[in-house]
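Quick note on labels: first sequence line is chain A, next is B, and so on, each numbered from 1. Values in this document were obtained by computation on a predicted structure and should not be read as measured data.
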Protein chains: 2
Amino acid sequence: MTTNTGKSLPTVARIFHALSEETRLQILEHLKEGEQCVCDLTGVFKTGQSRLSFHLRVLKEAGLILARPEGRWVYYSLNADAVEELQEVVNSLKASSYRAAKRGCCP
Amino acid sequence: MTTNTGKSLPTVARIFHALSEETRLQILEHLKEGEQCVCDLTGVFKTGQSRLSFHLRVLKEAGLILARPEGRWVYYSLNADAVEELQEVVNSLKASSYRAAKRGCCP
DNA sequence: TTGACGCATCAACTTTTGTTGTTGTATTAT
DNA sequence: ATAATACAACAACAAAAGTTGATGCGTCAA
């Protein structure tokens with residue numbers, strides 16, 4: 001069997017989908033500097049709050065970020081564990097070092 | 001500056017988008033075993049040829065796979081370089097080890 | 001307790017993706 | 001030449017994702 005992570009296909013697809021949008025990548029970039037609340041991010045991105053809220057939800061549902069509500073605010077941060085797991089998923093994409101002999105449908 | 005790969009945001013988003021669909025992940029999984037032509041894959045996935053052709057194009061345009069036309073067939077294979085670059089992109093998602101002091105919009 | 005703030009969520013809409021069947025173009029075989 | 005094969009690409013449609021503005025709810029300050 002090919003090297004595979006424990007994650008299901010839909011789960012992996014969902015993680016990559018969360019990463020497939022520029023705004024969300026920028027959000028992650030910002031979160032690398034530490035916890036931020038939504039108002040921090042609306043300030044940085046100069047965009048509607050509901051739009052950010054939407055993207056944060058996508059990231060959260062993929063498990064890539066964590067939400068920590070505190071009083072009136074919600075602080076978001078990178079989920080370091082998820083990023084590590086993602087690294088493993090990407091590792092598993094590498095071709096097997098021993099290539100199987102070419103199987104042939106084609107003469 | 002935060003660790004960043006040389007890749008542009010749209011390029012990175014496009015790569016992740018290519019990885020965000022189950023069929024495409026399965027295609028990559030198969031290509032780990034070596035080069036395959038489209039007819040190999042239609043055999044495996046028991047699906048329409050145009051559908052596979054579509055997904056292969058998405059993967060190819062993201063740079064994740066390579067196409068090698070030979071006569072009547074086109075052989076697809078993993079682009080190992082692209083996977084390595086992807087690993088770097090994912091590495092760069094990790095939080096900076098020294099977290100910046102919490103900046104405050106919020107009292 | 002009233003009002004302002006921070007955020008999620010919804011509804012209506014636009015845009016982007018994915019599917020299916022069809023057609024077109026090489027290429028090989030007869 | 002003709003026919004069959006392997007594939008890409010298109011058109012028409014269906015489904016999913018993203019945007020925007022409005023609404024609602026909890027929390028804090030006055």
*Name the closest nucleotide to the R72(A) side chain, picking from dC7(C), dA4(C), dA6(D).*
dA4(C)
*Among the candidates dC7(D), dT19(D), dG6(C), find the nucleotide nearest to the side-chain atoms of E21(A).*
dT19(D)
Round to the nearest Å and state the distance from [X] atom [atom1] to [N] atom [atom2].
{"X": "E70(A)", "N": "dG26(D)", "atom1": "CD", "atom2": "C1'", "value": "15 Å"}
{"X": "W73(A)", "N": "dA8(C)", "atom1": "CH2", "atom2": "C1'", "value": "17 Å"}
{"X": "Q36(B)", "N": "dA6(D)", "atom1": "CD", "atom2": "P", "value": "15 Å"}
{"X": "Y75(B)", "N": "dA8(D)", "atom1": "OH", "atom2": "C1'", "value": "17 Å"}

*When you measure from every atom of DNA chain C, which of residues 10-20 of chain A have a heavy atom less than 4.0 Å away?*
none
Would you please name every residue forming a salt bridge (charged side-chain N to carboxylate O under 4.0 Å, His left out) with [X], sequence neighbours left out?
{"X": "R72(B)", "answer": "none"}
{"X": "E85(A)", "answer": "K7(A)"}
{"X": "E84(A)", "answer": "K94(B)"}

_Check this one for me: any side-chain N or O of Y76(B) less than 4.0 Å away from OP1 or OP2 of dA8(D)?_
yes
*Just to confirm, is there a sub-4.0 Å distance from OP1 or OP2 of dG18(C) to any side-chain nitrogen or oxygen of R24(B)?*
yes
Contacts of [X] that satisfy side chain to side chain contact (heavy atoms under 4.5 Å, CB included) - sequence neighbours left out:
{"X": "P10(A)", "answer": "S8(A), E22(B)"}
{"X": "V74(A)", "answer": "A67(A), P69(A), Y76(A)"}
{"X": "L28(A)", "answer": "L19(A), L59(A), I65(A), L78(A), L93(B)"}

Give every donor-acceptor pair under 3.5 Å between a side-chain atom in residues 44-54 of chain B and any protein atom, sequence neighbours left out.
| unit_1 | atom_1 | unit_2 | atom_2 | d |
| --- | --- | --- | --- | --- |
| T47(B) | OG1 | R51(B) | NH1 | 3.0 |
| R51(B) | NH2 | T23(B) | OG1 | 2.9 |

*How is the base pairing of DNA chain D summarised as a dot-bracket string, given the Watson-Crick and G-U wobble criteria with both distances under 3.5 Å, [ ] for crossing and | for another strand?*
||||||||||||||||||||||||||||||
*So which heavy atom on G63(B) is nearest to which on N79(B), and how close?*
O-ND2, 3.0 Å
*Can you sort out which residues in residues 46-64 of chain B have a heavy atom within less than 4.0 Å of DNA chain D? Ascending by number, please.*
Q49(B), S50(B), S53(B), R57(B)
*Measuring from Q87(B):CD to N91(A):CG, what's the distance to the nearest 0.5 Å?*
5.0 Å
_Partners meeting side chain to side chain donor-acceptor pair (under 3.5 Å) with H17(A) (sequence neighbours left out)_ = none
*Please step through side-chain contact (heavy atoms from CB on, under 4.5 Å) for the pair F16(B) and I15(A), ending with a clear verdict.*
CA-CA 9 Å; F16(B) 283 127; I15(A) 292 170; over 6 Å; no
